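Below is one structure, written out as structure tokens; the observations come after it.
Values below: every heavy atom of this structure, side chains too, minus hydrogens, waters and symmetry copies. Every chain is numbered from 1 and lettered A, B, ... according to where its sequence line falls, protein lines coming before strand lines. Not measured: the values here are computed from a predicted model.
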Amino acid sequence: MLPAGGTARRTSDLAEAVREVEAAERPRWVWADARETYPALLRAGVRVSRCHDVALTEGLLLAYEGRYGENRSARAAHARLHGLPVPDEQPPDAPGTLFAPEPLAAEAVAEVLADQLRRIEALPESGRFRLLVAAESAGALTAAEMAHDGMPWRRDVHDALLTELLGPRPVHGMRPAKLQALADEVAAAFGHPVNPDSVQQLVKAFKGAGVALKSTRSWELKQIDHPAVAPLLAYKELARLFSFHGWVWADQWVRDGRFRPEYVVGGVVSGRWATSGGGALQIPKVMRRVVVADDGWTLIVADAAQLEPRVLAAMAGDMGLARAAGEIDLYSALAQSFGGQRDNAKIAMLSAMYGGTSGDAPKLLAMMRQRFPQAYQFVEDAAKAGEEGRLVRSWLGRTSPPPSSRWKELVSGPEGGRAARDRGRFTRNFVVQGTAAEWALALLAVLRGLLPPPARLVFFQHDEVMVHCPIGQAEEVMAAVTAAAEEASRLLFGRTPVRFPMEAVAVTCYADAK
DNA sequence: ATAAAGTGCGCC
DNA sequence: AAAGGGCGCACTTTAT
């Protein structure tokens, strides 16, 4: 670990040394991997403002170079630099210290850093890529801090909610009373025992009752007239709550009134974050009432409205769409271009960004092509690149994986058209989702820097942020959110008519945010 | 017995 | 009505 441009240090009390250097110089710390370095510093009460994460940067560079998925650790990068055998990927928390490798020497990290900076400078859009690297690295800091601080989570409220919906906590291995009652109802409706968790048994039972099903997806069940359907749908909903976010989950993930998920920065190919535990990005909305600010504190909740179509408007330089994206409700502004229907405008935009073809999509896409030719062409080009096996990049340069050898085989076979279209839909969406993720990352980085202590970022979900702060800081934090959104827009797109509205609200409970 | 695949559904 | 992008996770079923 070393400050960029500084000299290497060795110290027995790393945390104390970092604290001193941070206070005196505020350097951009160069870390082989923030996931390995930062949590321990946080536990020691040390925070830093900036870093360059070598591993995340290596991942971005490798992808840009068409080598997505290769080992991106600093150790692997160093080995490649010297033509040495590249080590296997180490799991982030590889158990067993017996064979744990020595940390990479500071000199080696510095070598990799210098190489990365050279590779970045050589890129055609090096300025954008530098921004991407800075934002991704700031994300690594934020993710570690959010895991450390945790989101307020009231176990008593959680328990009350579960008890209300499911019945009291059952003994291990049993279904809660209300869940069991629903399972019994399903069985009674069929006249024989059926495991409602078994697709196979359900399809068979419905077949016996004269109902042919292709699947047991709830939308398909809803179209069926059979007494088992209602209790089954209720069962599915509650069973998910019980197993995903029930008491066992809380035992594992909630401590000291805080939910501490493990975020994986850049864990999604598009640059979105993933989680490696705790399911923080899939918390059911009904659970939001469990997230309550501490006494005397408040939650500032903000999400970017219609982020993806705005990003498309800005990227494509489509002035017509950009004008609509200058309004708070983009879809309403677009409605008149789509026969006066807001819903039609929304379907048109989503179909363009996702590659939708069903229902009214073809008709609405034709209208979009006519009204917003540049935006239309932008996503069409991305889709075409994907179908032809080429790489696509987000605005700042995050790059899609190259086609697999399996895909290349498929494409030249009888089902080739299908495989090509599938990849086209992926790359079409990649450029939009990836750039939206970059905007959100930039917002997060700026906001993190603007927050007055002791305000803390406690949640981030694609285009939504939550800050936990003393009530007295609410106004300042809400202003910081607005400022951060403006700065993120300026950093990515410079001067653009496109607005990126990010309205923050102060609430005691997350459930009251919308 | 354990691992991998398939299914379904929560979030954006 | 229900299909178009990205995930993670629990459950069952199938493969090893």
Can you measure Lys222(A) atom NZ to dG8(B) atom C1' for me and round it to whole angstrom units? 13 Å
Quick check on DNA chain C: between Ser198(A) and Met353(A), whose nearest nucleotide comes earlier from the 5' end? Met353(A)
Is NZ or CZ of Arg260(A) both nearer than 6.0 Å to the six-membered ring centre of Trp253(A) and within 45° of the ring axis? no
Is any side-chain N or O of Lys236(A) closer than 4.0 Å to OP1 or OP2 of dC9(B)? yes
NA contact type, Glu220(A), heavy-atom cut-off 4.0 Å: base, sugar-phosphate, or nothing? nothing
Identify the 5'-most and 3'-most nucleotides of DNA chain C with at least one atom closer than 4.0 Å to a non-hydrogen atom of chain A. dA2(C) to dT14(C)
Run through Tyr510(A), Trp249(A), Phe459(A) and flag the one making a ring-ring contact (aromatic ring centres under 6.0 Å, His included) with Phe259(A). Trp249(A)
Lys346(A) NZ - dC12(B) P separation (whole Å): 12 Å
Please indicate whether Glu503(A) has more than 12 foreign heavy atoms, meaning atoms of other residues, nucleotides or ligands, lying under 6.0 Å from its CD. no
Closest-nucleotide 5' rank along DNA chain C - winner of Asp197(A) and Gly355(A): Gly355(A)
Pairing partner (Watson-Crick or G-U wobble, both distances under 3.5 angstrom) of dA1(B): dT16(C)
Separation of dC11(B) P from Met466(A) CE (nearest whole Å): 14 Å
Report yes or no: is the cationic atom of Arg423(A) (NZ for Lys, CZ for Arg) under 6.0 Å from the centre of the six-membered ring of Phe426(A), at an angle within 45° of the ring normal? no
Please tell me whether Arg175(A) and Tyr235(A) have a donor and an acceptor in their side chains that are separated by less than 3.5 angstrom. yes
Just to be sure I understand the rule, does Gln200(A) reach a base, reach only the sugar-phosphate, or reach nothing, if contact means heavy atoms closer than 4.0 Å? sugar-phosphate
Ser394(A) and Glu438(A): side chain donor to acceptor below 3.5 Å: yes
Residues of residues 266-275 of chain A with a heavy atom under 4.0 Å from any atom of DNA chain C, listed by number, are Val268(A), Val269(A), Arg272(A), Ala274(A), Thr275(A)
Base paired to dG4(C) (Watson-Crick or G-U; both N/O distances under 3.5 angstrom): none
Once you apply a heavy-atom cut-off of 4.0 Å, does Phe426(A) come out as touching a base, just sugar-phosphate, or nothing? sugar-phosphate
Would you indicate what Gly278(A) reaches in the nucleic acid, counting non-hydrogen atoms under 4.0 angstrom: base, sugar-phosphate, or nothing? sugar-phosphate
Whole-Å distance, Glu464(A) CD to dC11(B) C1', equals 10 Å
For a quick check of understanding: with a heavy-atom distance under 4.0 Å over all strands, which category does Asp303(A) fall into, base, sugar-phosphate or nothing? nothing
Contact check, side chains of Phe493(A) and Val498(A), non-hydrogen atoms, under 4.5 Å: no
Whole-Å gap separating C1' (dC12(B)) and CE (Met502(A)): 13 Å
Test the Arg258(A)-Trp153(A) pair against the cation-pi criterion, namely NZ or CZ under 6.0 angstrom from the six-membered ring centroid and within 45° of the ring axis. no
Could you tell me the separation between the CG atom of Leu281(A) and the P atom of dC11(B), rounded to a whole number of Å? 12 Å
Under a plain distance cut-off of 3.5 Å, with no hydrogens placed, do Asn195(A) and Gln200(A) share a side-chain donor-acceptor pair? no
Base, sugar-phosphate alone, or nothing: which one does Gln433(A) contact when heavy atoms must sit under 4.0 Å apart? base
With heavy atoms under 4.0 Å as the rule, sort Arg217(A) into base, sugar-phosphate or nothing. sugar-phosphate
More than 12 heavy atoms from other groups under 6.0 Å of NZ on Lys236(A): yes
Indicate syn or anti for dG4(C), taking the glycosidic torsion and treating anything within 90° of 0 as syn. syn
With sugar-phosphate meaning primed atoms plus P, OP1 and OP2, does Arg288(A) contact a base, only sugar-phosphate, or nothing at under 4.0 Å between heavy atoms? sugar-phosphate
